[in-house]
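Keep in mind that what you see is a predicted model, and the values were worked out from it rather than measured. Sequence lines set the chain letters: A, B, ... in the order given, protein chains first and strands last, and positions in each chain run from 1.
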There are 2 protein chains.
Amino acid sequence: MKAEILIVDDDPQIRSVLRIALGQAGHSVTEAGDGAEGLAKARSGRFDLIVLDIGLPEMDGLALCRALRTTDQTPVVFLTARQDEIDRVLGFELGGDDYVTKPFSPRELVARIGAILKRSGPQVQPSLARGVLKLDPDRHMCTVQDRPVTLTAREMEILAHLMAHPDRVSARPALTDALYGRNGGVSDRTLDSHLRNLRAKLAQAGCDDAIETVHGIGIRMGPCTA
Amino acid sequence: MKAEILIVDDDPQIRSVLRIALGQAGHSVTEAGDGAEGLAKARSGRFDLIVLDIGLPEMDGLALCRALRTTDQTPVVFLTARQDEIDRVLGFELGGDDYVTKPFSPRELVARIGAILKRSGPQVQPSLARGVLKLDPDRHMCTVQDRPVTLTAREMEILAHLMAHPDRVSARPALTDALYGRNGGVSDRTLDSHLRNLRAKLAQAGCDDAIETVHGIGIRMGPCTA
DNA sequence: GCTGCTCTGCACATCTTGTGCACAAGGGGT
DNA sequence: ACCCCTTGTGCACAAGATGTGCAGAGCAGC
């Protein structure tokens, strides 16, 4: 069971321990050092599981989870130094899938993560695909009908997010939040610009129905025919 | 999230604590006092989750789980007095879904069980359907005979509200209240306009009996034939 | 200097709401 | 029974509100 895992913790040492332990178990690991960065990466939607420290400065883990859950159901494992039962129960009620207190055994954490991944099912797809359109965020590659399309960083982020939620309409605020964090807002027109460029590139590659707009609601993936 | 839960533990006191805690959470509880009885009941296959003590006399919990896993994938939560990490990792590798050490907090255990049930349970989709008509507010999609019908935001709101109360006549004031808030009143004619557009779109898609009006009373769903 | 990101302002498209009127349904009077 | 009146409903059209697409220019990083 190989998975993409996001670690959100402000302590580099803990991140290091987790990266090594999870890496040895065959998982790919991405790190974030604070809540805003974590939320932005989490919202890209390409992770199979998120390890989340509750005791983050600024945006704490519970708040991050609450924000994430408005648009996403990625499994979350909470990590904390606190022993409080209240926090635990609260964590679960916010949609957490497990709760581990520091100090923890790396092997046990890996085992717990394995149990959750097993449960959350084989819906694990390392690279995203829909119709003639394929996208591999790790390799920074996008193809239409197996022919490469060069995308900029932002364009890829946007497309990855849309493809991670294929049959869901993403509201514009949710999309900008996903890209820039909840209050690192950019103008709506900016998103339009990127969408325009994206559509143009995909259309030139032969796919002109990849990105649909639902008036008054948001953006969603289309059928992606040739 | 209501579930059938089997508790296997030789300590009547622990069984009692669990029965009460899980019962208060809305679950149905069945008990078994030893491994043989537990395995027999577990194999009946009617449980959504099994709480399993590792320290059972005769057949211990790990052996029981191993035996069960040959035929069954019911989620298992291990319960134990031992602190050994080895046991924990072994428990997960045998297919356990969580591992809780005594003494444990009943509330936390209930929360953990809730988290597992949420993952393993049949993913209920909030999609509404009636006759040939289907509507999925999340995807913002509506189909008649599996062919898509494009609706505007308001139209979808109205249809969703009607389909949420299929066999009830919704009074016009109740409908406008639901859409605009109790005193954010709009004209009755406005609702008419939307209903008219809705009926037209659905009729063109082949369903001309979806929305019925009961003179002097209000609006209700029709049979939705083709 | 080049590339990509972001913002601004405007044009355009779509949706929402309101209006006036025609039509239908039911109730009470004759 | 009949007719007329009241009330409720359907419809076409128009104006207003909102959302979206687009081109161009400033800015920052490599």
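Within the 4.0 Å cut-off from OP1 or OP2 of C/dT17, at least one side-chain nitrogen or oxygen of B/H194 is found. Proximity of A/R199 to the phosphate of D/dC22: no side-chain N or O atom is located under 4.0 Å from OP1 or OP2. For A/R196, a side-chain nitrogen or oxygen approaches OP1 or OP2 of D/dA23 to under 4.0 Å. At D/dG21, one or more side-chain N or O atoms of A/R172 fall inside 4.0 Å of OP1 or OP2 (strictly under the cut-off). The side chain of A/R189 places no N or O atom within less than 4.0 Å of a non-bridging phosphate oxygen (OP1 or OP2) of D/dG21.
In this model, no side-chain donor or acceptor of A/S193 finds a partner on the base of D/dG21 within 3.5 Å. No hydrogens or angles were tested; on distance alone, nothing pairs the side chain of A/T190 with the base of C/dC5 as donor and acceptor under 3.5 Å.
A straight line from CZ of B/R154 to P of C/dT14 spans 19 Å, rounded to a whole angstrom. Atom CG in A/D192 sits roughly 9 Å away from atom P in D/dC22 (whole-Å rounding).
Salt-bridge check for A/R15 with A/D10: failed, with every basic side-chain N at 4.0 Å or more from each acidic carboxylate O. Salt bridge status for B/R172 with B/D192: present, with a side-chain N to carboxylate O gap under 4.0 Å. A salt bridge is absent between B/R112 and B/D97; no separation between the charged side-chain nitrogens and carboxylate oxygens falls under 4.0 Å.
With rounding to the nearest 0.5 Å, the separation of CZ in B/R199 from CD in B/E155 is 12.5 Å.
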